[in-house]
Amino acid sequence: MGKRLLSLFTAVLFTVLAAGCGISGPAAQTGNSVDETTLRILSGSENQELENIIQDSARNAGIRVEMDYKGSVDIMRELETGAEGYDAVWPASSIWISLGDKNHMIKHSQSVSITPVVFGIRRSLAEELGFTGRDVSVQDILNAITDKKMTFCMTSATQSNSGASAYIGFLYALLGKQEGLTAEDLRNETLRENIRALLGGVDRSSGSSDWLKDLFLSGDYDAMVNYECLIIDANEQLEAEGKEPLFVVYPYDGLSIADSPLGYVDHGDETKEEAFLAFQENLLSGESQSAIEATGRRITANGVSDENKDVFNSSWGIDTERILSPIQMPSADVLMEALNVYQTSFKKPSLNIYCLDFSGSMRGTGESQLKEAMSQILIQENARKNLLQANEGEVNIAILFSDGIRNILSADGYSDEALQKLYDQIAAESPGGGTDIYTAAARAYEIASGYDLNDYTPAVILMSDGVSSYNKEVFDSAVETYGNDIPVFSITFGDADPDQLEELAEMTGARVFDGTEDLTEAFRGVKGYN
């Protein structure tokens, strides 16, 4: 812990001294200045922890950098459509560039750091399971899950790289191979049975690796699948709070590694390209790389430096001497098929209860936005474009509310036709009346209590454009009656009160999404969390 802080301090001090002494980076030699060039970088959420190092490297390069953090699938989709608003991309793994860069726009791509995707298991549970002091296989983890001894949190394989990487590793391990996954493999009945059982152990899902870490820290969970660097960050916070740390387990037969590539999006602007190369060079310099390593990311596959060795605490199960033998990602077409079958067949079924605001203030723009957003989720032709299609056994219920419950609608199954019918029913409704978000959320909890939540990934998805001035006690009573195990995700737009919605999210281990600029995008974001 101390060495990590010292390394970060040293890197920052070097930057300050360099600026003060007139030490110039590559960009200074080209005549560029901070005021002249700004790079917009589309990045995975795991890089938020590097923000200070990123901005230091930008200043040294004499440029500005604006970071926009999104999920891996969003980065892939942005590349597919030309990434017009961005000058560079920085996903967690090269696979998302390979899948999205159909027009071959990416140049100068280089890995900034590497980090394996691992299991972080509460130390006492890891000891109880016999996972300390020996190599652990994916089958060992599956056995712990089927024996009801462990559950875990994991990001969605169709929305986040850590989830996708772990999932592909699971498939290889359960097939007993390390490379060459085929479409035929995905139809193997034994594999299908085992992967469903393994993913049935997912207690909470997320669309973001960094948010998953925060969720784990705020809750009471057995384990999580995440990047080694984020497990290190979580353990530092756990120990600072006097709590039990996580023990890191590297599944030897299904290990994947995030290579964090930073690549330039070539839109034909030579000044931007020059600025990118200057920034990248600073980020890959010895000082920046040491600071990055001090955050728990590896900068080489051959161990870590003596300077930062204490960051990789061996008492947490972290093994820097281990030879990392990662799986090889399948071809692009097989990978996409694997992600689609994860979403539609392998993952635990979702229990979606939508609380939709049909109060009078929704007339006009709000009503049309809400209906358009629901069309992106319920009309499966649209949902498939973003890997958000319904899965086997999924439940979809819509509670339409104003100053009371106006209607409760549900899909008769999860077929395309059933979900289209539900959408048509929602689209036929008209707004009117006041706003009471709390009664709707309480009714959602009551409905969810009728299901065995061990069999589902549940979520209440609340969308409102107004302020609820009454009935908070109704939801408090529902939480007292049914517990707070069902997250209430909220989407804001219009004049919605973010404080009210943040309170609901905090009470239930969820988050609030901003729909003021793009409601459909916000709905897509929410769906990545269950």
Side-chain angles (χ1 to χ4, degrees), residues 1-11 14 44 46-47 49-50 53-54 57 90 92-94 109-121 123 126 131-138 161-162 165-166 169 173 178-179 209 213 224-236 238-239 245-262 280-329:
M1 177 75 172
K3 277 206 168 186
R4 177 179 179 176
L5 290 174
L6 179 60
S7 298
L8 286 169
F9 174 76
T10 301
F14 175 86
E46 65 284 342
N47 288 329
E49 193 183 18
L50 302 180
I53 300 169
I54 290 167
S57 293
W90 192 356
S93 172
S94 296
S109 180
Q110 290 197 57
S111 173
V112 175
S113 62
I114 62 174
T115 188
V117 178
V118 300
F119 272 85
I121 304 173
R123 182 194 295 281
F131 287 175
T132 60
R134 71 175 179 91
D135 288 338
V136 177
S137 68
V138 169
N161 179 72
S162 62
S165 298
Q178 288 288 295
E179 58 184 27
S209 303
K213 177 204 70 179
M224 70 170 160
V225 172
N226 215 324
Y227 301 116
E228 180 187 64
C229 61
L230 292 184
I231 301 291
I232 289 172
D233 186 56
N235 274 351
E236 290 179 343
L238 288 168
E239 290 203 337
L246 298 170
F247 187 85
V248 175
V249 169
Y250 305 82
Y252 67 81
D253 53 353
L255 184 69
S256 56
I257 290 179
D259 61 341
S260 191
L262 174 62
Q280 186 183 60
E281 183 175 337
N282 270 276
L283 201 59
L284 294 174
S285 69
E287 294 79 15
S288 294
Q289 287 284 285
S290 179
I292 288 171
E293 189 182 50
T295 69
R297 290 157 172 79
R298 305 186 190 211
I299 56 176
T300 173
N302 302 317
V304 299
S305 68
D306 290 338
E307 179 185 10
N308 290 316
K309 203 137 192 141
D310 289 351
V311 174
F312 299 81
N313 191 333
S314 60
S315 70
W316 296 337
I318 297 172
D319 185 357
T320 58
E321 304 303 319
R322 168 189 291 268
I323 297 175
L324 299 177
S325 301
I327 57 160
Q328 290 189 9
M329 283 293 167

Exercise for the section: State, to 0.1 Å, how close L255 and P116 come at their nearest heavy-atom pair, and which atoms those are. Expected result: CD1-CB, 4.1 Å
Completion exercise
By side-chain hydrogen bond (donor to acceptor under 3.5 Å, both in side chains), N235 pairs with (sequence neighbours left out) none
Problem - Smallest separation among heavy atoms of P245 and E239, with atom names - result: CG-OE2, 3.7 Å
Fill in the blank from the handout: Rounded to the nearest 0.5 angstrom, the CD-CG distance for E236 and N313 is 9.0 Å
Handout entry: Close side-chain approach of V117 and Y227, heavy atoms under 4.5 Å
Key = yes
Practice task
Report the residues that fulfil side chain to side chain contact (heavy atoms under 4.5 Å, CB included) with S314, sequence neighbours left out, ordered by chain and then residue number.
Solution key: none
Practice task
Output all residues satisfying side chain to side chain contact (heavy atoms under 4.5 Å, CB included) with P326, sequence neighbours left out; order by chain, then residue number.
Solution key: I257
Exercise for the section: Check whether any side-chain N or O of E46 sits under 3.5 Å from a backbone N or O of L230 as a donor-acceptor pair, and report yes or no. Expected result: no
Exercise for the section: Heavy atoms only: give me the nearest W316-V311 pair and the separation to one decimal. Expected result: CZ3-O, 4.0 Å
Exercise for the section: Considering non-hydrogen atoms only, spot the tightest contact between F131 and F247 and give its length. Expected result: O-CE2, 3.8 Å
Fill in the blank from the handout: With sequence neighbours left out, the residues meeting side-chain hydrogen bond (donor to acceptor under 3.5 Å, both in side chains) with S93 are none
Problem - Q289 and T300, any side-chain heavy atoms less than 4.5 Å apart - result: no
Handout entry: Non-hydrogen side-chain atoms of Q110 and L283 separated by less than 4.5 Å
Key = no
Exercise for the section: Go through the structure and list residues passing side chain to side chain contact (heavy atoms under 4.5 Å, CB included) with E321, not counting sequence neighbours. Expected result: K309, D319
Practice task
Without swapping roles, check the side chain of T115 against the backbone of C229 for a donor-acceptor pair under 3.5 Å.
Solution key: yes
Practice task
Using a 4.5 Å cut-off on heavy atoms from C-beta on, say whether the side chain of W90 contacts that of I54.
Solution key: yes
Handout entry: E49 CD to N47 CG distance, which is reported to the nearest 0.5 Å
Key = 9.5 Å
Practice task
State the CE-OG distance between M329 and S165, to the nearest 0.5 angstrom.
Solution key: 4.0 Å
Practice task
Over all heavy atoms of both residues, which pair between D253 and A173 is shortest? Give the atoms and the distance, please.
Solution key: O-CB, 3.4 Å
Problem - Residues that Q328 engages under side-chain hydrogen bond (donor to acceptor under 3.5 Å, both in side chains), provided they are two or more places apart - result: E179
Fill in the blank from the handout: Hits for side-chain hydrogen bond (donor to acceptor under 3.5 Å, both in side chains) against E293, two or more places apart or cross-chain, chain-then-number order -> S305, N308
Exercise for the section: Could you tell me whether the side chain of S315 reaches within less than 4.5 Å of the side chain of R123, counting heavy atoms only? Expected result: yes
Problem - Whether D233 side chain and T295 backbone form a donor-acceptor pair below 3.5 Å - result: no
Exercise for the section: May I ask you to decide if L284's main-chain N or O and S288's side chain share a donor-acceptor pair within less than 3.5 Å? Expected result: no
Handout entry: side chain to side chain contact (heavy atoms under 4.5 Å, CB included) partners for S113, two or more places apart
Key = S260, I292, R297
Exercise for the section: Measure across A166 and V225 and return the closest heavy-atom pair with its distance rounded to 0.1 Å. Expected result: CB-CG1, 3.5 Å
Exercise for the section: For D259 and S94, indicate whether the former's side chain and the latter's backbone hold a donor-acceptor pair under 3.5 Å. Expected result: yes
Problem - Under the salt bridge (Lys or Arg N to Asp or Glu O under 4.0 Å) test, residues paired with E228 that sit two or more places apart - result: R298
Practice task
Examine distances only and state if a side-chain atom of N226 and a backbone atom of I231 form a donor-acceptor pair shorter than 3.5 Å.
Solution key: no
